[in-house]
**Student:** 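Take this structure, written in structure tokens, and hold onto it; I'll ask about it next.
Numbers here are sequence positions counted from 1.
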Amino acid sequence: MKRRTKIVVLGSALLLTAGVATAATASDTPRQRTTASDAPRRQAAADASRQREAAALTGTAKLYRSAGDDITFSFDAHLAAEDRADPSKATGTFEFSHYLKGEGARAEVKVDCLLTGGKVAVVSGVITDSDLPGAEGKRVGVTVHDLGRHDRLGYSWAATGSPLDSKELPKCVSSAPFEKVLKGTGDFTVVPWQPEL
């Protein structure tokens with residue numbers, strides 16, 4: 001009777017130990033696998049965060065004018081992550097046009113500087129193509145305030161009336177964003193610059 005009790009107790013102890021070992025292994029294994037499989041994902045997310053553009057300004061909108069002027073601005077300006085410390089290495093283009101009763105002009109601009117802070121961007125560039133005589137080769141600057149459906153915009157020739165009247169404008173210079181975007185047309189997006197200070 002004693003020998004049989006010992007075998008049952010010993011057998012129960014072995015089963016209990018095996019069960020605990022299996023439970024421990026089962027609970028440890030998924031944790032180890034999860035940690036191992038999460039590491040590349042976490043690393044990829046960290047790399048993506050570091051590789052995000054240093055700054056950007058994109059989108060198109062028409063300006064509001066009570067007289068019915070057709071004024072449109074379009075942006076595709078970017079500062080790469082590796083150029084974070086130098087806004088003058090920005091690339092891309094922007095375009096603008098201003099027509100009223102069939103008269104006006106348009107211009108295409110090659111970006112030469114982009115600075116953003118929060119939801120405000122200042123972009124400048126040199127006019128490469130325009131039907132406004134004398135405009136090609138002139139630097140212009142534009143400021144955008146990304147306010148969702150109520151974006152605002154300003155431009156370097158606000159005080160002079162024409163891009164032709166700005167003399168030797170420095171890079172990344174513009175006016176305050178005093179113009180309102182026409183309701184339903186604003187889709188400007190600003191990616192904020194985060195320089196290492």
**Student:** Does the side chain of Ser97 reach to within under 4.5 Å of the side chain of Ile71, using non-hydrogen atoms?
**Tutor:** no

**Student:** Report yes if some heavy atom in the side chain of Phe94 is under 4.5 Å from a heavy atom in the side chain of Val123; otherwise report no.
**Tutor:**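 Yes, their side chains come closer than 4.5 Å.
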
**Student:** Are Thr189 and Leu57 packed together at the side-chain level, in the sense that at least one heavy-atom pair is separated by less than 4.5 angstrom?
**Tutor:**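 Heavy-atom side-chain distance check fails, nothing below 4.5 Å.
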
**Student:** Could you tell me if Ser124 and Asp112 have a donor-acceptor pair between their side chains, going purely by distance under 3.5 Å?
**Tutor:**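 Looking only at side-chain atoms, Ser124 and Asp112 do form a donor-acceptor pair, the distance falling under 3.5 Å.
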
**Student:** Decide yes or no on side-chain contact (heavy atoms from CB on, under 4.5 Å) for His78 and Asp76, but give the supporting numbers first.
**Tutor:** CA-CA 7 Å; His78 305 270; Asp76 186 18; 2.5 Å; yes

**Student:** Using the rule that two of Ile, Leu, Val, Met, Phe, Trp, Tyr join whenever any of their side-chain heavy atoms come within less than 4.5 Å, decide whether Phe178 and Val181 are in one cluster.
**Tutor:**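 Yes, Phe178 connects to Val181 through the hydrophobic network.
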
**Student:** What are the two closest heavy atoms between Thr93 and Val111, and how far apart are they?
**Tutor:**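 Residues Thr93 and Val111, closest heavy atoms: N-CG2, 3.6 Å.
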
**Student:** Between Arg152 and Asp146 (salt bridge meaning N to carboxylate O under 4.0 Å), is one present in this structure?
**Tutor:** no

**Student:** Enter the distance from Ser175:OG to Leu153:CG here, rounded to the nearest 0.5 Å.
**Tutor:**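 Separation between the atoms: 8.0 Å.
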
**Student:** Can you find a pair of side-chain heavy atoms, one from Phe96 and one from Val140, that are under 4.5 Å apart?
**Tutor:**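 Yes, side chains in contact.
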
**Student:** Where do Lys138 and Val126 land on the side-chain contact (heavy atoms from CB on, under 4.5 Å) test, with the steps shown first?
**Tutor:** CA-CA 5 Å; Lys138 286 278 190 181; Val126 175; over 6 Å; no

**Student:** Does Lys89 form a salt bridge (Lys or Arg N to Asp or Glu O under 4.0 Å) with Glu82? I'd like the steps, not just the answer.
**Tutor:** CA-CA 10 Å; Lys89 289 192 175 175; Glu82 61 269 21; over 6 Å; no

**Student:** Could you check whether any side-chain heavy atom of Asp165 comes within less than 4.5 Å of a side-chain heavy atom of Trp157, counting everything from C-beta outward?
**Tutor:**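 They are not in side-chain contact.
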
**Student:** Taking salt bridge (Lys or Arg N to Asp or Glu O under 4.0 Å) as the criterion, tell me which of Asp70, Asp187, Asp69 meets it with Lys62.
**Tutor:**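 So, applying the salt bridge (Lys or Arg N to Asp or Glu O under 4.0 Å) to Lys62 and each of Asp70, Asp187, Asp69, only Asp70 qualifies.
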
**Student:** Indicate whether the side chain of His145 and that of Asp151 have a donor and an acceptor atom separated by less than 3.5 Å.
**Tutor:** no

**Student:** Measuring from atom NE2 of His98 to atom CD of Glu103, what distance do you get when rounded to the nearest 0.5 angstrom?
**Tutor:** 11.0 Å

**Student:** If you compare all heavy atoms of Val142 against all heavy atoms of Gly154, which two are closest, and at what distance to 0.1 Å?
**Tutor:** CG1-O, 3.2 Å

**Student:** What are the two closest non-hydrogen atoms of Pro87 and Leu115, and how far apart are they?
**Tutor:**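 Looking at all heavy atoms of both residues, the closest pair is CG-CD2, 3.4 Å.
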
**Student:** Look at the rings of Phe188 and Phe75 and say which category their plane angle falls in: under 30° parallel, 30 to 60° tilted, over 60° perpendicular.
**Tutor:**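 Rings of Phe188 and Phe75: perpendicular, as their planes differ by over 60°.
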
**Student:** Between Leu164 and Leu132, is there a side-chain heavy-atom distance shorter than 4.5 Å?
**Tutor:** yes

**Student:** Walk me through it: do Thr116 and Val191 pass the test side-chain contact (heavy atoms from CB on, under 4.5 Å)?
**Tutor:** CA-CA 7 Å; Thr116 63; Val191 174; 5.8 Å; no

**Student:** For salt bridge (Lys or Arg N to Asp or Glu O under 4.0 Å), just list the numbers for Glu108 and Arg106, CA-CA rounded to whole Å, side-chain angles, deciding distance to a tenth of an Å, and then say yes or no.
**Tutor:** CA-CA 7 Å; Glu108 294 176 20; Arg106 49 157 280 290; 2.9 Å; yes

**Student:** How close do Ser130 and Ile127 get, heavy atom to heavy atom, and via which atoms?
**Tutor:** CB-CG2, 3.8 Å

**Student:** Is any side-chain heavy atom of Val120 closer than 4.5 Å to one of Val190?
**Tutor:** no

**Student:** Please give me the minimum heavy-atom distance between Val122 and Ser174, naming the atom from each residue.
**Tutor:** CG1-CB, 4.0 Å

**Student:** Can you measure from CZ (Phe73) to CD (Glu179) and round to the nearest 0.5 angstrom?
**Tutor:** 7.5 Å

**Student:** Check Thr160 against Ser166 and note the closest heavy-atom contact, atom names and distance.
**Tutor:**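 Shortest heavy-atom contact: OG1-OG, 4.2 Å.
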
**Student:** Would you indicate whether the side-chain heavy atoms of Lys183 and Arg149 approach each other to under 4.5 Å?
**Tutor:**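 No, too far: nothing below the 4.5 Å cut-off.
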
**Student:** Should the pair Arg139-Glu168 be classified as a salt bridge under the 4.0 Å nitrogen-to-oxygen rule?
**Tutor:** no

**Student:** Supply the atom-to-atom distance Lys171 NZ to Leu114 CG, rounded to the nearest 0.5 angstrom.
**Tutor:**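 Between Lys171 NZ and Leu114 CG, I get 12.5 Å after rounding to 0.5 Å.
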
